[in-house]
Amino acid sequence: MKRLAWKKVNNNKILATIWGEAKENIQLDIESLENSFKAKASIPTERKLSESGTMREKKINLLDHKRANYVGISLGQLKMDFMDIRKAVIHLDDNLLNAEQINILRSIIPTPEETSLLREYSGDRSKLDRPEVFLMEMDSIPRIQSRIEVWHFIRNFEPKISEVLPQLSVLSKAFNQCLSSRKFQRVLQIVLSVGNYLNGGTPNGRAYGFKLEALMKLQDTKSTDGSSNLLHWIVESLQSRYPESQDWWGELTAVHKASTISVQSLRDEMSGLRIGLKRISEELDAFSINGEESSNPMNRNYLQRMNAFSNNARRRFEEVNNRVAELIEEFRGVAIKFGEDPETCKWEDFFLLLVNFNTMAERAKVDSERKKQDSLRQVAKSQSRVSRVRTAGSKFKKSESEPGGPRKPADQQSDQFLQEQLLKMRRTKSLRGIAAVSTTVDGGKSSVNMSNLLNMVSNQVKKESREGTPVATLR
């Protein structure tokens, strides 16, 4: 029978569970259960027999299990017959193996230790497992390790050069943009002027320039009320006084991409290319010394490929390598121009600082615009409220012009109360609650002189405006 996978509840805990309370006697259709879940009878697999009728012998493994498994998986990725792989390697045939397959092959060629192990085997080769047979095929090719490495280098040389050249172009463009951007230089001059004013009378004052890292600290200088910072002020000054320079980042279009190119990565690329070319030179020297190897038919295509590649590749490498050296020297000039230390300043750090500063400036611009919009909304809201009060007052003026007799004492008390409330609000420089005053006098009855209220509100608004208190305080 098939089994049901479960974990049993401890028998000592059964009484406290629903299982201890279960009393119903379940009736099962045993015949149906057995027919549905009976285990299949195991059928012995048919083993392949040799021509002699005996069972096939187990293959011999010389490699450790992990290495043999890796070689087997890699061979599955190549999906080629051993002899086709061997032929491709001997002739360096790019039509049989692409660059990716060559890279796979690099990891499964026999190491010197494996070569010694395989050569010591004196038994029947047909009894060896598949990974061992493949390594033996590769070992039969002269200079297999150098041959594969050279082939891999030749196939990847031009793609590497094609990756480096656009990076050099971006760097050169970024250098020129930083040196020629008048708008960016205007921004730096504004920061310098602001910094000298704020630092006046201190050792940091009267500066003729500053390290660019100071750009990242502008937002650390908060305004007196804490609602903004120095970067907000500079951005707003650019918008109001130097609007032609506020799009300074548009003159530094190559800087962002240049910030992703590392000087060390370029040096590593060129170093790798130099090592590859040196390996080819050493191979050619070895063949020139050893006449037997150079005359081996299996080395003919190998030699021809290296000779055809070497001269042109070396010239190409020197051109690119010299251009890298020129750019490194050019950046030293850029660093000196901006007051930075050329010995320690790297161009990727220099450009990344500018990228981050632009991000901060754009964020400050958004903050300033939002603050301006909020202020405009508050002014509009205050003006709307004043307009509503005036409209209401005009209605009451009209009603007071109608015959109604002399003013009552209650009206005079209401005026006095309004004067006291307005005086109290004047002291706090706020017009809040004026509208509420009308509802607190005399129980909110019509006896309140709304005409006087309107006049007092209007006079107070004018007075506050002259004294510099924003009308927006009326809410």
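Numbering starts at 1 and runs along the sequence shown.
- Between Glu340 and Lys346 no salt bridge is recorded (no basic side-chain N to carboxylate O distance below 4.0 Å).
- Listed for the Ser271 side chain is no donor-acceptor partner under 3.5 Å among the backbone atoms of Asp268.
- Between Thr202 and Asn204, the side chains place no donor N or O within less than 3.5 Å of an acceptor N or O (distance only, hydrogens not considered).
- With Tyr302 as the partner, the side-chain hydrogen bond (donor to acceptor under 3.5 Å, both in side chains) test is satisfied by one option alone out of Arg143, Arg147, Glu283: Glu283.
- Relative ring orientation between Phe153 and Phe309 is described as perpendicular, the plane-to-plane angle rising above 60° on a 0-90° scale split at 30° and 60°.
- The pair Glu132-Lys59 does not count as a salt bridge, with every side-chain nitrogen at least 4.0 angstrom from each carboxylate oxygen.
- Remark: Lys257 NZ is loosely packed, at most 12 non-hydrogen atoms of other residues, nucleotides or ligands lying under 6.0 Å away.
- His65 contributes atom NE2, which lies 5.0 Å from atom CG of Asn69 (distance to the nearest 0.5 angstrom).
- The 12-atom threshold is exceeded at NZ of Lys222, counting heavy atoms of other residues, nucleotides or ligands nearer than 6.0 Å.
- With 3.5 Å as the limit, one finds no donor-acceptor pair spanning the side chains of Arg155 and Asn103.
- Within the 4.5 Å cutoff, the side chain of Ile85 has heavy atoms near those of the Met138 side chain.
- Panel note: side chain Ser259, backbone His256; a donor-acceptor pair is recorded below 3.5 Å.
- Comment: Glu343 engages Arg332 in a salt bridge, judged by a side-chain N to carboxylate O separation of less than 4.0 angstrom.
- Between Leu212 and Leu353, the shortest heavy-atom distance links the atoms O-CD2, 3.4 Å.
- Closest approach of Ala68 to Pro131, counting heavy atoms only: O-CG, 3.5 Å.
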Test ring pair (Phe, Tyr, Trp, His ring centres under 6.0 Å) on Trp248 and Tyr242; report intermediate values, then the result. CA-CA 11 Å; Trp248 59 273; Tyr242 306 99; over 10 Å; no

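- Note that CD of Glu330 is 9.5 Å distant from CH2 of Trp347, once rounded to the nearest 0.5 Å.
- Inspection of the Glu149 and Gln145 side chains reveals no N or O donor paired with an N or O acceptor under 3.5 Å.
- Comment: Arg323 engages Glu326 in a salt bridge, judged by a side-chain N to carboxylate O separation of less than 4.0 angstrom.
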List the steps and the verdict of ring pair (Phe, Tyr, Trp, His ring centres under 6.0 Å) for Phe350 and Phe338. CA-CA 10 Å; Phe350 177 86; Phe338 282 90; 5.4 Å; yes

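- With respect to Glu362 and Lys365, a salt bridge is recorded, a charged nitrogen being found less than 4.0 Å from a carboxylate O.
- Looking at Lys371 and Ser227, their side chains do bring a donor and an acceptor atom within 3.5 Å of each other.
- More than 12 heavy atoms of other residues, nucleotides or ligands lie within 6.0 Å of CD in Glu319, so this atom counts as buried by the packing criterion.
- Of the N and O atoms on the side chains of Thr253 and Gln177, at least one donor lies less than 3.5 Å from an acceptor on the other residue.
- Judged purely by atom type and a 3.5 angstrom limit, Asn322 uses its side chain to pair as donor or acceptor with the backbone of Glu318.
- Between the side chains of Arg86 and Ser140, at least one donor N or O lies within less than 3.5 Å of an accepting N or O.
- A salt bridge does not link Asp341 with Lys211: every distance from a Lys NZ or Arg NE/NH1/NH2 to an Asp or Glu carboxylate oxygen is 4.0 Å or more.
- Arg67 and Asp64 are not joined by a salt bridge, as no carboxylate oxygen comes within less than 4.0 angstrom of a charged side-chain nitrogen.
- Side-chain N/O atoms of Ser281 and Arg314 include a donor and acceptor closer than 3.5 Å.
- For Val235 against Ala361, the heavy-atom pair with the smallest separation is CG2-O, 3.9 Å.
- Listed here is the closest heavy atom pair of Val324 and Met270: CG2-CG, 4.1 Å.
- Proximity of Lys183 to Trp249: side-chain heavy atoms (C-beta onward) are nowhere separated by under 4.5 Å.
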